[in-house]
Structure formats: C-alpha cells, structure tokens
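Report on the structure given below.
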Number of protein chains: 2
Amino acid sequence: MQLTRERIVCAAAELIEREGVDAVSMRRLAADLGSGVMSLYNHVPSKAALLDGVAEWIMSGIDFSSDPDASWEDQVRAQARAFRQIARAHPRCTMVVVSRPTTSAAGLLPIEHALATLRGAGFGGEEAVRAVRAFVAYIVGSLLREVGVTPSLARPEDDAPAGRLLRLDPAEFPQATSLAAELMVRDHDADFEFGLDLLVRAVADLRPVRRR
Amino acid sequence: MQLTRERIVCAAAELIEREGVDAVSMRRLAADLGSGVMSLYNHVPSKAALLDGVAEWIMSGIDFSSDPDASWEDQVRAQARAFRQIARAHPRCTMVVVSRPTTSAAGLLPIEHALATLRGAGFGGEEAVRAVRAFVAYIVGSLLREVGVTPSLARPEDDAPAGRLLRLDPAEFPQATSLAAELMVRDHDADFEFGLDLLVRAVADLRPVRRR
DNA sequence: ACCTGAACACCGTTCAAGT
DNA sequence: ACCTGAACACCGTTCAAGT
C-alpha cells in the first residue's frame with residue numbers, strides 16, 4: 001500500500017492510543033506500515049514534525065460549530081465540550097495535542113468560533129479575546145486532569161482495590177484527609193460542567209448583553 | 001563531590017532550564033556531574049523517576065501559604081499566583097511538572113491550602129473540592145499558555161520581526177483576522193488575572209458567604 | 001553501600017545508492 | 001519522485017565486577 005503523509009500520521013496516532021507516546025519510534029512505525037524506516041522521511045521531515053501532524057490531525061477532527069440560534073452561553077458550552085471530546089476520543093494523544101505549539105490553522109479554529117460567538121453576543125474585541133483565553137486555559141487544564149496528570153488523591157494502582165488512597169499525614173493534610181471521600185470521586189463530566197458554568201456565568205456578568 | 005539524589009535532580013532541572021527536556025539524558029547528566037552513567041542509578045531508579053523528582057522538587061519550592069487575615073478571595077488569588085510562579089521561575093520545566101502525575105505530597109499541598117481557604121470561608125466540602133478543581137484546571141492551562149504551547153496567533157520566529165502573523169485566510173478566519181491586533185498582545189499577567197477574577201467572582205456568587 | 005565499564009537492544013537522522 | 005540499507009552518533013538499562 002502506498003506510503004502517504006496521512007497514512008503515517010494516522011498510524012502514529014493509533015500507535016500512541018494503543019501503546020502510548022513512548023512506544024512511537026520511526027522504526028516501529030515503519031515496521032507497522034511495512035516499509036523501510038527511511039521511507040517515512042519522504043513524507044515527514046522529522047519525528048517532531050510527525051507528532052505535530054498528529055496533534056493537527058486530532059484537532060482537525062473536532063467539530064467546533066454550534067447552533068447559531070442557541071444563546072451564546074449554550075454555544076460557548078457546546079464549543080468547550082467539543083474541545084473536551086479530544087480527551088474522550090483520544091486520551092493518550094491528548095498530551096501530544098496539548099504539549100506542542102499549534103502552528104496550523106486547525107489549532108486556531110476553536111478560537112475563531114469562540115470569538116465569533118462572543119462578538120455576536122455583543123462583547124468587545126479585547127473582552128472577547130480575554131474571555132476566550134480564559135476558556136481555553138480552563139479547557140486545556142481540564143483535559144490534562146481528565147487524562148490523569150493533575151494532582152489528585154486517587155492513585156491509579158493496578159493491583160490495589162480501585163480508588164486506593166495515597167498515604168496522607170493527617171497533620172500535614174487535614175483538609176485532604178477529611179475530604180478524602182469527595183476528593184476520590186472522579187466525575188469528569190460533572191467537574192468540567194461545574195467549572196465551565198462558573199466561567200460562563202462570570203463572563204455573562206461582565207456586562208449586561210441582550211441576545212443578538 | 002558526593003553524588004546525591006538531590007544533586008542529580010537539581011542538575012536535571014538546571015539542564016532542562018538551560019537546554020530543554022530533550023537535552024536530558026542519563027549520560028549527559030552523568031558527564032555534567034563528573035561521574036559514570038551508572039552511578040546515577042544508585043540514587044535514582046530510572047530516568048522517568050528522575051523527571052518525577054524534578055517535578056516534585058519544583059513543586060516543593062513554591063510557597064502556597066497565604067495571609068490568613070486576608071479575604072478568602074485574596075487568599076485564593078495569592079495561591080493561584082504562587083502556582084503560576086512556576087512558569088516564571090522554571091519556564092522550561094513547567095511542561096515536566098504539568099505533564100506527569102504527581103505522586104508526591106508536594107503536589108497535593110496547593111490543593112490542601114486552597115481547600116483550607118475555601119472551607120474557612122464557609123464553603124461545603126463538595127463545593128470546595130469542585131471549586132479547587134476548577135481553579136487548578138484554569139491555572140494549569142494558563143501555565144501551558146504562558147509557556148507557549150496553547151494555540152496563539154503570534155508565531156515565535158527567530159528571524160522574523162517580533163510578533164509576525166501566522167498567514168491567515170480572512171475568509172476562513174474573519175474574527176481572528178479582524179482581531180489580529182488584540183490576539184497578538186501577549187500580556188500573561190493581565191490574561192491570568194482576568195480569568196482568575198472571573199473564577200473568583202463566580203465562586204463567590206455560588207452562595208452568600210460572610211467573612212469567617 | 002556506592003561506584004563503574006562493557007555490553008545489549010534500542011534510538012533519529014545523514015548519506016549514497018537505487019528505481 | 002519515491003524507496004532503501006548501511007552507517008553514525010546517540011539512547012536507557014542490565015549485569016558482573018570492583019571498592
């Protein structure tokens with residue numbers, strides 16, 4: 001089968017999803033694709049560029065469009081949820097997406113949509129830009145949490161009964177100890193919606209705007 | 001000089017800051033420390049564990065305490081800013097801190113402090129946990145943006161005049177095009193404070209609480 | 001307990017050679 | 001234009017040997 005940039009990028013994304021980023025090597029990828037290692041370099045200039053390609057490919061698979069008849073609050077919410085889809089659809093690729101600077105247009109698309117929504121709701125340019133940045137920061141941070149790299153109490157242990165506790169010194173961590181039950185609950189949907197709601201309402205409070 | 005876990009971790013952090021994560025190898029580190037490669041393994045079980053150590057070391061260098069006489073809003077702000085200090089003090093290590101699950105107590109300390117502040121302000125346990133998670137998500141996302149991995153318009157190019165524009169198709173990106181000026185401004189302080197303020201005010205609105 | 005060199009099984013990428 | 005193998009300069013880590 002023909003070797004293609006797209007085929008290579010796609011194979012890389014699948015390999016990451018299957019075995020993690022550390023499993024990705026040009027040699028391994030070539031073997032998976034049934035070609036010589038150096039053949040890859042006819043379509044991709046370097047491994048770094050390949051990973052950029054994976055990030056872009058995943059971003060471009062998200063649909064950021066939203067119902068233009070909905071309230072701007074609901075549109076922003078829909079866009080945020082679309083973004084978060086990345087963590088659900090490509091959990092192990094999320095870190096790749098989020099850890100490399102987006103050089104492509106695909107990375108700017110969610111921002112374009114969000115800006116359009118906010119401007120359409122009557123927000124000024126600077127305000128819209130600032131609000132979008134706050135949303136993006138929150139969403140990106142949420143992705144990282146969901147993917148499991150943000151400080152948490154529940155330690156993933158293969159052998160231990162699900163949701164075992166990190167050993168905590170109650171003297172040093174009185175709050176974490178007394179709130180252990182709440183901290184162990186990991187409902188990413190609810191967590192995400194909670195924070196998203198905070199931001200949406202705070203942005204709505206910035207100024208009295210009427211539906212356009 | 002004696003080889004020590006702390007000395008190794010510290011050297012790794014400095015090397016990351018100087019030349020980036022990709023420059024870190026056990027061999028390079030050993031050379032920097034004037035020892036044989038394998039000597040490192042007497043103090044650190046693996047490279048991955050070493051990077052965990054770097055993350056922990058950086059987290060433990062942040063002072064999350066806040067003036068207990070200040071309003072809870074100001075305390076939360078102070079804690080958030082302390083967290084953000086990481087991006088200023090160790091920009092190139094930030095990704096390391098933020099990309100690996102915190103297994104140590106040092107990673108839980110900021111959460112402990114934030115929980116104490118919110119509970120002291122009268123928030124319920126579950127509410128406090130949710131709010132803290134929203135804050136952490138926002139802060140972590142902000143760190144990533146500040147360190148330069150979040151979609152942005154300003155493309156860092158060594159040769160181009162500072163702040164050159166990504167080539168944008170005005171038809172596809174009307175908002176980004178018309179807001180190019182605003183999007184190019186990169187005032188991380190202002191951006192961070194703007195979003196932090198949104199969250200603080202939204203959390204304050206969750207329920208009428210009086211100072212404790 | 002700590003250090004070490006040799007060795008193993010890998011890397012990404014350059015280059016020169018092929019079609 | 002695309003493919004390729006050999007070669008180069010690296011990796012992390014195991015192991016057996018030293019002190």
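Note that the structure is predicted; figures quoted are calculated from it, not measured. Residue numbers start from 1 in every chain, and the chains themselves are labelled A, B, ... in the order their sequence lines are given, proteins ahead of strands.
Residue B:Lys47 contributes atom NZ, which lies 12 Å from atom C1' of D:dC10 at whole-angstrom precision. To the nearest angstrom, C1' of D:dC3 lies 14 Å from CG of A:Leu33. Rounded to whole angstrom, the span from the CD1 atom of A:Ile8 across to the C1' atom of D:dC3 amounts to 12 Å. The CG atom of A:Leu29 sits 16 Å away from the P atom of C:dC10 (whole-angstrom rounding). C:dC10 atom P lies 15 Å from atom CG of A:Asp22, rounded to whole Å. Counting to the nearest Å, the P atom of D:dA1 and the CZ atom of A:Arg5 are 19 Å from each other. Atom-to-atom, CD of B:Gln2 to C1' of C:dA1 comes out at 10 Å; the value is rounded to the nearest Å.
Side-chain N/O atoms of B:His43 include none lying less than 4.0 angstrom from OP1 or OP2 on C:dA1.
Note that the NE2 atom of B:His113 and the CD1 atom of B:Ile111 stand 11.5 Å from one another [nearest 0.5 Å]. Note: A:Glu73 CD to A:Thr117 OG1 = 11.0 Å, rounded to the nearest 0.5 Å. In this structure, CD1 in A:Ile62 is found 4.5 Å from CD1 in A:Ile86, a value given to the nearest 0.5 Å. From B:Phe194, atom CZ reaches atom CG of B:Leu199 across 11.0 Å, with rounding to the nearest 0.5 Å. For the atom pair A:Asp74 CG and A:Trp72 CH2, the distance stands at 10.0 Å (nearest 0.5 Å). Expressed to the nearest 0.5 Å, how far CD of A:Glu112 lies from CG of B:Leu179 amounts to 8.5 Å.
Ring-plane geometry between A:Phe192 and A:Tyr138 is classed as parallel, the angle between the planes falling under 30 degrees on a 0 to 90 degree scale with a further cut at 60.
In this structure, the side chain of A:Asn42 engages the main chain of A:Ser39 through a donor-acceptor pair within 3.5 Å. Although no hydrogens or angles enter the test, the distance criterion places a donor-acceptor pair under 3.5 Å between the side chain of B:Arg133 and the main chain of A:Leu183.
Heavy-atom contacts from other residues, nucleotides or ligands closer than 6.0 Å to CD of B:Glu17 number more than 12.
B:Ile8 and B:Leu40 get closest at one heavy-atom pair: CD1-CD2, 3.8 Å.
Ranking C:dT13, C:dC3, D:dG12 by closeness to the A:Ser46 side chain, first place goes to C:dT13.
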Shorter than 3.5 Å, N or O on both sides, protein versus nucleotides 17-19 of chain D: list them out with atom names.
none

Can you tabulate the close N/O pairs, meaning under 3.5 Å, that link protein atoms to atoms of nucleotides 4-7 of chain D?
from, atom 1, to, atom 2, distance (Å)
D:dT4, OP2, A:Gly36, N, 3.0
D:dT4, OP2, A:Ser39, OG, 2.6

Original post:
Which dot-bracket string describes DNA chain C (Watson-Crick N1-N3 plus N6-O4 or O6-N4, or G-U N1-O2 and O6-N3, all under 3.5 Å; [ ] crossing; | other strand)?
Top reply: ||.|||||...|||||.||
